[in-house]
Q: 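Take a look at this one; I'll ask things after.
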Amino acid sequence: MSAATEAGETTLLDAITGRLRACVAVPDGVEPPAAILWTDPDRQWLPLIDAVRARLPELLVLGEFAPERRTGPAIWLRCVVDGTVAPPDFPGDSVPVLYLPGVGRQQLRAGEDCPRSLQPLVELMYRGALWLQKGGHDWTITAFLTSPQGLGLELARDEATREGLTRAVREVAETPLQQLRGRRLEADDFDRLLTIDLYRDLLRWMSEPAAWRERAGAERWAAFRSQCRTQLGFDPDADGEIVAGRRLGSGEGPWADAWVRFEEAPTAYPGIPELLRRSKPTDLFVDRSRWPDENAAAEASVRAALQEIRGLPHGDACTRVLKLDREHGERRSWVWARMGLAPLAAVLEPLAVLSTHAKSTLGGGTPDEIGQTYAEGGWRADGASWRAISLAPSADEGLIYGVVRCLIEPWLDASARVFQRAAAAHPLPKSAEAEQVDAPEGGCLVFADGLRYDLGQVLAERLEGRGCRVHVDHRWAALPTVTATAKPAVTPVGREIVGEELPEDFAPSFSRDGRPVNASRIRIELERAGSQLLGGDLGDWPASDQARGWSEEGEIDSLGHKLGIGLARQLDSELDRLVERIVGLLDGGWRSVRVVTDHGWLLLPGGLPKIDLPKHLTASRWARCATIAGASQVSVPTAPWHWNPARRFATAPGITCFNASPVYSHGGISIQECLIPDLLIERSGGGTTRATIDAVTWRGMRCVVDATITGGKVRADLRLGPALGPSVVASVKALDEDGRVSLVVGDDQHEDASVT
């Protein structure tokens, strides 16, 4: 997925703001940067800085000392970063973003040799982060617009287009990206943006009246005013923005078209909600969807109702949530929801799904019967729970977490106990009974650690949306549901693994030499057995038509242990990464991809309940399972080890944990931990696409490729170094009907580089 598809990026200004703030994100346990440095040696971004500053209050600009505009020399910027001074209205809890016009990355890297006026900033290169292209170069406007790591637009490369972009850069920055996509942008496209578009200019003026009028200049303002009088019966000078806001909200006559334009890209006009709050008429009858204060009042009523829900019995709580969703669900279609101003209306949607499925305990007399019920729809309760957590607005996190716990905890525990009774009476398959996991010839096996069943269903939906044919099946995880036991069971070398005495880490051994199974040994044995291990410098395409691939992807389980409840906000990006990886493997020539996992998990805001298991009775004690010391007798249930049913381990009843209350855990026996997805993914339409390169011709920085293609469409790319390196082309292109494509290297820094 190109970065251009990131959520909330409807304009270039949105994208700049979002990418700068994204630089603050760091792995857990790592200190955030002291500042974000935005270098701009050619001052290309300077015309947009006022607009960016309006959206990014933490933005500071290198320049003449004017603290009221958050502008000052390098020493002043350094003092703000270090907290010794603070400009007016500066958000002190934010990481400062320093825009440095006329300064390039190389100047700062010169250290003591850089200009004396910039030296206070040099040290921030090491305590902070630089917003740069993947190759370490300063972002130019053209690079950001065209790069796959930027917005991925297609621009003509001629001088007229570059000049047109320079003239129209302010208009480009505020134009909805959907209007710029899907075509090659040339000089005429940018020139058209400079002509008067009444509704666009009206909305921009209403969003920031004084600033837009100043930018427009006298001639353009006069033309705009004339068109307003002629087409709208409105004079911006005489009537003012309050009258404009009232007419926009009422949506009568030509103002209805203005409202439609606002709805198309509301985030491009961030000042309009506040204008409408000030402009609302006192009439008794208004269209509630047009006025942000009506939406805000509805949000407050939802908040109050959710606070009461946490004290209700489980069934009553589910019923109340469903009633709230019926009352407020329509607000998800209002424009305010698209501007992020209706977060509680948004979170009601997954809460309602959770309430629907959690009202009754999963039933069945055998694990297979319960598993079938769960696969037919019960999984939606778990999917809705993490979705609600991920949508919780920061100001209401505690409230939403409490509601999710109220709705799901009784259902989780009751369903787990039903499943545990069924599994005790009808044990899950042992190693000798389990189906061997493998990939067919030309197929790749992808192991995704912790891909719970509900995530597997979401993954399948997203792959189908990318044109794949997906068959969703399920299997039972090995017990206990910890990686050491369960991962070996879903590898092609599972038949070479045995268990004797139950070790404290639950790891079985290889029958060939008795050595314990771990991740590195699994890879060694897979390679010994003929699997093609992916991720190396040779690329990810199949080595032959008979190849069987093995790839390990995703960090769901490790993120769960590390982040706890924070895992919910990472799941979408993890699933997107899996989608891109799987589609990439199919694009690379694999005929099919089979996705397997080792175990699922439990996630409960506030922590799973605790049950006591004395430490002296155990040899090792994990959150949801434990090895028993010698002949000790434990008061909790026991279950047979997957690799040797004669050896039993202690398992926590229901959803409890031994002597701890983690938010995220696995290792026990519940439908969430034990029922795991098994996905087979192929290209829709069946046949395999093949491409053979016949000729490669270089003409300066342009590479022309001729190829023979069978079976479908093929795209061409140039990668720096090996096939897994970063793309260096201005845009990835499809080969034409004759099997030819022309690729342009996007940056002359790669002129002497080795590419694939």
Side-chain angles (χ1 to χ4, degrees), residues 364-372 375 419-440 443 445 447 449 451 453 473-519 521-526 528-531 548 550 594-600 619 622 624-628 637-651 666-671 673-680:
T366 67
D368 286 342
E369 291 174 355
I370 298 171
Q372 190 62 35
F419 183 75
Q420 287 159 7
R421 289 193 294 271
H426 306 276
L428 300 182
K430 311 302 183 296
S431 60
E433 305 163 348
E435 175 197 355
Q436 174 73 24
V437 174
D438 209 340
L445 198 61
F447 172 79
D449 194 4
L451 185 73
Y453 186 82
D473 204 348
H474 58 264
R475 57 188 293 119
W476 294 111
L479 297 182
T481 51
V482 295
T483 300
T485 280
K487 179 179 179 180
V490 292
T491 68
V493 295
R495 290 282 183 251
E496 310 300 320
I497 296 171
V498 297
E500 296 181 1
E501 294 300 319
L502 177 60
E504 294 183 5
D505 63 358
F506 296 103
S509 304
F510 284 103
S511 57
R512 186 168 55 83
D513 56 14
R515 296 175 65 181
V517 176
N518 56 37
R521 283 298 310 280
I522 286 176
R523 292 179 67 83
I524 291 171
E525 295 300 326
L526 284 169
R528 188 194 303 274
S531 293
R548 289 181 168 89
W550 170 267
R594 183 179 180 184
V595 179
V596 294
T597 190
D598 48 358
H599 57 73
W622 297 28
R624 298 262 297 146
C625 57
T627 57
I628 303 169
T638 63
W641 185 34
H642 176 83
W643 297 103
N644 184 351
R647 306 297 178 221
R648 300 182 72 85
F649 62 93
T651 180
H666 59 86
I669 301 176
S670 68
I671 193 71
E673 295 162 289
C674 295
L675 191 79
I676 52 177
D678 191 338
L679 279 60
L680 181 65

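Each residue takes its place number in the sequence, starting with 1.
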Q: Sequence neighbours excluded, which residues qualify as side-chain hydrogen bond (donor to acceptor under 3.5 Å, both in side chains) partners of Gln372?
A: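 Testing Gln372 for side-chain hydrogen bond (donor to acceptor under 3.5 Å, both in side chains), a comparison that skips the adjacent residues, returns Glu376.
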
Q: Can you sort out the partners of Ala375 under side chain to side chain contact (heavy atoms under 4.5 Å, CB included), two or more places apart, ordered by chain and number?
A: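 Tyr453, His474.
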
Q: Are Glu673 and Arg624 close enough for a salt bridge, meaning some N to O gap below 4.0 Å?
A: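 Salt bridge present between Glu673 and Arg624.
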
Q: Which heavy atom of Pro640 sits nearest to which heavy atom of Arg648, and what is that distance?
A: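 The answer is CD-NH1, 3.7 Å.
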
Q: Would you indicate whether the side-chain heavy atoms of Leu502 and Phe649 approach each other to under 4.5 Å?
A: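 Yes, their side chains come closer than 4.5 Å.
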
Q: State, to 0.1 Å, how close Ile676 and Asp598 come at their nearest heavy-atom pair, and which atoms those are.
A: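 Between these two residues, the closest heavy atoms are CD1-O, 4.0 Å.
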
Q: Can you list the residues that meet the side-chain hydrogen bond (donor to acceptor under 3.5 Å, both in side chains) rule with Thr485, with sequence neighbours excluded?
A: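 Thr485: side-chain hydrogen bond (donor to acceptor under 3.5 Å, both in side chains) contacts with Trp641.
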
Q: Enumerate donor-acceptor pairs with a distance under 3.5 Å from any side-chain N or O in residues 431-440 to protein atoms, sequence neighbours excluded.
A:
{"unit_1": "Glu433", "atom_1": "OE1", "unit_2": "Lys430", "atom_2": "N", "d": "3.0"}
{"unit_1": "Gln436", "atom_1": "NE2", "unit_2": "Pro492", "atom_2": "O", "d": "2.7"}

Q: According to ring-ring contact (aromatic ring centres under 6.0 Å, His included), who are the partners of Phe506, at least two apart in sequence or on a separate chain?
A: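 In terms of ring-ring contact (aromatic ring centres under 6.0 Å, His included), with neighbours along the sequence ignored, Phe506 is linked to Trp622.
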
Q: Any side-chain heavy atom of Cys674 sitting closer than 4.5 Å to one from Leu428?
A: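 Yes; the side chains approach each other to less than 4.5 Å.
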
Q: Between the side chain of Asn644 and the main-chain N/O of Glu500, is any donor-acceptor distance below 3.5 Å?
A: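 Checking the backbone N and O of Glu500 against the side chain of Asn644, a donor-acceptor pair under 3.5 Å is found.
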
Q: Restricting to non-hydrogen atoms, name the atom on Ala507 and the atom on Val517 that form the minimum distance, rounded to 0.1 Å.
A: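 Taking every non-hydrogen atom into account, CB-O, 3.9 Å.
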
Q: Applying side chain to side chain contact (heavy atoms under 4.5 Å, CB included), can you list everything that pairs with Glu369, at least two apart in sequence or on another chain?
A: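 Result, side chain to side chain contact (heavy atoms under 4.5 Å, CB included) vs Glu369: Thr366.
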
Q: Output all residues satisfying salt bridge (Lys or Arg N to Asp or Glu O under 4.0 Å) with Arg523, sequence neighbours left out; order by chain, then residue number.
A: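 Once residues adjacent in sequence are excluded, the partners of Arg523 under the salt bridge (Lys or Arg N to Asp or Glu O under 4.0 Å) criterion are Glu552.
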
Q: For His599, give me all partners under side-chain hydrogen bond (donor to acceptor under 3.5 Å, both in side chains), at least two apart in sequence or on another chain.
A: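 Residues passing side-chain hydrogen bond (donor to acceptor under 3.5 Å, both in side chains) with His599: Thr483.
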
Q: I'd like to check Leu451 versus Val595 (side-chain heavy atoms, cut-off strictly below 4.5 Å). Are they in contact?
A: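 Result yes, sub-4.5 Å side-chain heavy-atom pair found.
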
Q: Determine, step by step, whether Leu479 and Ile669 satisfy the side chain to side chain contact (heavy atoms under 4.5 Å, CB included) criterion, reporting the C-alpha distance in whole Å, the side-chain angles of both residues, the deciding distance to 0.1 Å, and the verdict.
A: CA-CA 8 Å; Leu479 297 182; Ile669 301 176; 4.0 Å; yes

Q: Quick one: pull up CZ in Phe447 and OG1 in Thr491 and give me the separation to the nearest 0.5 Å.
A: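 OG1 of Thr491 is found 9.0 Å from CZ of Phe447.
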
Q: Tell me every residue that passes ring-ring contact (aromatic ring centres under 6.0 Å, His included) with Trp550, counting only those two or more places apart in sequence or in another chain.
A: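 Partners of Trp550 by the ring-ring contact (aromatic ring centres under 6.0 Å, His included) criterion come out as none, since no residue qualifies.
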
Q: Are side-chain heavy atoms of Arg594 and Leu679 found at a separation under 4.5 Å?
A: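 With C-beta onward as the side chain, the pair stays apart.
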
Q: Can you find a pair of side-chain heavy atoms, one from Pro480 and one from Thr651, that are under 4.5 Å apart?
A: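 They are not in contact (no side-chain heavy atoms under 4.5 Å apart), so the answer is no.
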
Q: List the atom of Ala422, the atom of Gly365, and the distance in Å for their closest heavy-atom pair.
A: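 Nearest heavy atoms, Ala422 then Gly365: CB-O, 3.7 Å.
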
Q: Any salt bridge between Asp449 and Lys487, counting N to O under 4.0 Å?
A: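 Looking at Asp449 and Lys487, the cut-off is not met.
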
Q: Any ring pair (Phe, Tyr, Trp, His ring centres under 6.0 Å) involving residues 419-438? Give me the pairs, sequence neighbours left out, ordered by first then second residue.
A: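 Checked against ring pair (Phe, Tyr, Trp, His ring centres under 6.0 Å) - neighbours excluded - the pairs reaching residues 419-438 are Phe419-Trp476.
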
Q: Applying side-chain hydrogen bond (donor to acceptor under 3.5 Å, both in side chains), name anything that partners Asn518, two or more places apart in sequence or on another chain.
A: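 Residues passing side-chain hydrogen bond (donor to acceptor under 3.5 Å, both in side chains) with Asn518: Ser520.
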
Q: Test Ile628 against Thr638 for side chain to side chain contact (heavy atoms under 4.5 Å, CB included), laying out the working first.
A: CA-CA 9 Å; Ile628 303 169; Thr638 63; 3.9 Å; yes

Q: Testing the basics here: between Ala484 and Pro508, what is the closest heavy-atom pair and its distance to 0.1 Å?
A: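 Answer, listing the atom of Ala484 first, then Pro508: O-CD, 3.4 Å.
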
Q: Any side-chain hydrogen bond (donor to acceptor under 3.5 Å, both in side chains) pairs touching residues 505-517, not counting sequence neighbours?
A: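 For residues 505-517, and leaving out neighbouring residues, the side-chain hydrogen bond (donor to acceptor under 3.5 Å, both in side chains) pairs sorted by first residue read Arg512-Glu525, Asp513-Arg521.
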
Q: Do Ile497 and Phe510 come close enough that some side-chain heavy atom pair is under 4.5 Å?
A: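 In short, these two side chains touch, coming nearer than 4.5 Å.
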
